[in-house]
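Protein chains get the first letters and strands the later ones, always in sequence-line order, with residue 1 at the start of each.
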Amino acid sequence: MSATYRKLPRSFYLHPPLRVARDLLGTYLVRRVGTIRLVGKIVEVEAYDESDPASHSYRGRTRRNNVMFWKGGHLYVYFTYGMHFCANVVTGLEGRGEAVLIRAVEPIDGLDVMRRNRSREKKSAPPVNKNLTNGPAKLCEAFGIGREENGTDLLGEEIYITQGEEIPDSKIARSTRIGIRNGREKRWRFYVKGNGWVSKPWL
DNA sequence: TGGACGATCCCCT
DNA sequence: GGGGATCGTCCAT
């Protein structure tokens, strides 16, 4: 791969979640399973930290949220609503309880496998069905991310993030976060303006 | 030990 | 636009 697509170094993740959230927009999430390579451009994210009543880490470290307290650059995957998984990028130093939820990606490579993984998806409108990856649980299903991927080191070979497209500030929108009660006033959601895979472009 | 609820999605009306 | 699916986690009893 060219220099443009270099894997993000550990140092990228060792910053507060608001900064990492913004910087993640335009980067490429990569999943490798054998010879298969799935790639999606990150277009929507949300930040969470330990002082934040909406965060899983708010009430301290537990078995469920343990990975959130690891050092930046790991994947925190949680199970919710009895049937869905969501993936977060852990940020900051060891012990801080910070993460960035990946809410949407634009499919770049491996779309046939993503469609197969999203088996419940019935209608497929050409050229690409945005329904494939325009939500946090949808993209996990498309990328085959579940319980077993919790704690994955993003500097490894299985799941990682590379540099991608530079998104200028003028193309970044900011809003309150989706689907939470406590801490709903915080505008800690970031997304790429006009991108067709953003989950709720009107918010 | 039990019950309420959740960083969601999909189908039905 | 609304509700059901479905279960791990947390907190109150």
*Take Phe143(A) and Val105(A) through the test side-chain contact (heavy atoms from CB on, under 4.5 Å) and record every step on the way to the result.*
CA-CA 10 Å; Phe143(A) 277 68; Val105(A) 304; 3.9 Å; yes
*Between Lys7(A) (side chain) and Gly156(A) (backbone), is there a donor-acceptor pair under 3.5 Å?*
yes
*Output yes when a side-chain donor or acceptor of Tyr191(A) lies under 3.5 Å from a complementary backbone atom of Leu203(A), and no otherwise.*
yes
_Tell me which residues in residues 182-194 of chain A lie within less than 4.0 Å of DNA chain C, going by non-hydrogen atoms._
none
*Among residues 172-181 of chain A, which residues get a heavy atom nearer than 4.0 Å to DNA chain B?*
Ile178(A), Gly179(A), Ile180(A), Arg181(A)
*In whole angstroms, how far is the C1' atom of dC11(B) from the CE atom of Met83(A)?*
12 Å
*Would you please name every residue forming a salt bridge (Lys or Arg N to Asp or Glu O under 4.0 Å) with Arg10(A), sequence neighbours left out?*
Asp153(A)
*asked:* Distance check needed: dC11(B) C1' versus Arg118(A) CZ, whole Å only.
replied: 14 Å
Could you list, one pair per line, each protein nitrogen or oxygen that sits under 3.5 Å from a nitrogen or oxygen of nucleotides 1-5 of chain B, together with the distance?
none

_Non-hydrogen atoms of Pro17(A) and Asp49(A) that approach each other most closely_ = CG-CB, 4.0 Å
*Report which part of the nucleic acid Phe79(A) touches: base, sugar-phosphate, or nothing (heavy-atom distance under 4.0 Å, all strands).*
sugar-phosphate
*Got a sec, which residues hit salt bridge (Lys or Arg N to Asp or Glu O under 4.0 Å) with Glu44(A), two or more places apart in sequence or on another chain?*
Arg103(A), Arg189(A)
*State which residues pass side-chain hydrogen bond (donor to acceptor under 3.5 Å, both in side chains) with Asn134(A); sequence neighbours excluded, sorted by chain then number.*
Lys138(A)
*asked:* Quick check against the 3.5 Å criterion: does Asn65(A) have a side-chain atom that pairs as donor or acceptor with the backbone of Gly60(A)?
replied: yes
*Take the protein atom CD1 of Ile145(A) and the nucleotide atom P of dA7(B), then report the distance between them rounded to whole Å.*
19 Å
*Specify the closest pair of heavy atoms between Trp197(A) and Asn195(A), including all atoms of both residues, with the distance to one decimal.*
N-OD1, 2.8 Å
*Residue pair Lys193(A) / Ile172(A): nearest heavy atoms and the distance that separates them*: CE-O, 3.7 Å
*What parts of residues 47-68 of chain A reach DNA chain C, counting only heavy atoms under 4.0 Å away?*
Arg59(A), Thr62(A), Arg64(A)
*Taking heavy atoms of chain A and a 4.0 Å limit, find me the 5'-most and 3'-most nucleotide of DNA chain C within that range.*
dA5(C) to dC11(C)
_Looking at every non-hydrogen atom in both residues, tell me the closest pair between Arg22(A) and Pro168(A) and how far apart they are._
NH2-C, 4.0 Å
*Can you tell me if Arg187(A) uses its side chain to pair, donor with acceptor, with the backbone of Arg174(A) under 3.5 Å?*
yes
*For Ala142(A) and Asn117(A), work out which heavy atoms get closest and say how close.*
O-ND2, 2.7 Å
*Close residues, residues 85-99 of chain A, relative to DNA chain C [heavy-atom separation under 4.0 Å]*: none
*State which residues pass salt bridge (Lys or Arg N to Asp or Glu O under 4.0 Å) with Asp52(A); sequence neighbours excluded, sorted by chain then number.*
Arg177(A)
*When you look at CZ of Arg96(A), are more than 12 heavy atoms from neighbouring residues, nucleotides or ligands closer to it than 6.0 Å?*
no
*Map every base of DNA chain C to its dot-bracket character, where paired means a Watson-Crick or G-U wobble contact with both distances under 3.5 Å and | marks a partner outside the strand.*
|||||.||||||.
*Between Tyr58(A) and Asn182(A), does a side-chain contact (heavy atoms from CB on, under 4.5 Å) hold up when you go through it step by step?*
CA-CA 11 Å; Tyr58(A) 183 58; Asn182(A) 298 327; over 6 Å; no
*Take the angle between the ring planes of His56(A) and Tyr76(A) and call it parallel below 30°, perpendicular above 60°, tilted in between.*
perpendicular
_Spacing of Arg103(A) atom CZ relative to dA7(B) atom P, expressed in whole Å_ = 11 Å
*In whole Å, what is the span from the CD1 atom of Ile102(A) to the C1' atom of dT8(B)?*
16 Å
*Qualifying salt bridge (charged side-chain N to carboxylate O under 4.0 Å, His left out) pairs with a residue from residues 63-72 of chain A, counting only residues at least two apart or across chains*: none
_Within the 3.5 Å criterion, strictly below it, is a donor on Ser57(A) or Glu50(A) matched to an acceptor on the partner's side chain?_
no
*Where do Ser199(A) and Gly135(A) come nearest, in terms of heavy atoms and distance?*
CB-CA, 4.5 Å
_side-chain contact (heavy atoms from CB on, under 4.5 Å), paired with Val67(A), selected from Val77(A), Leu75(A), Val90(A), Asn88(A)_ = Val90(A)
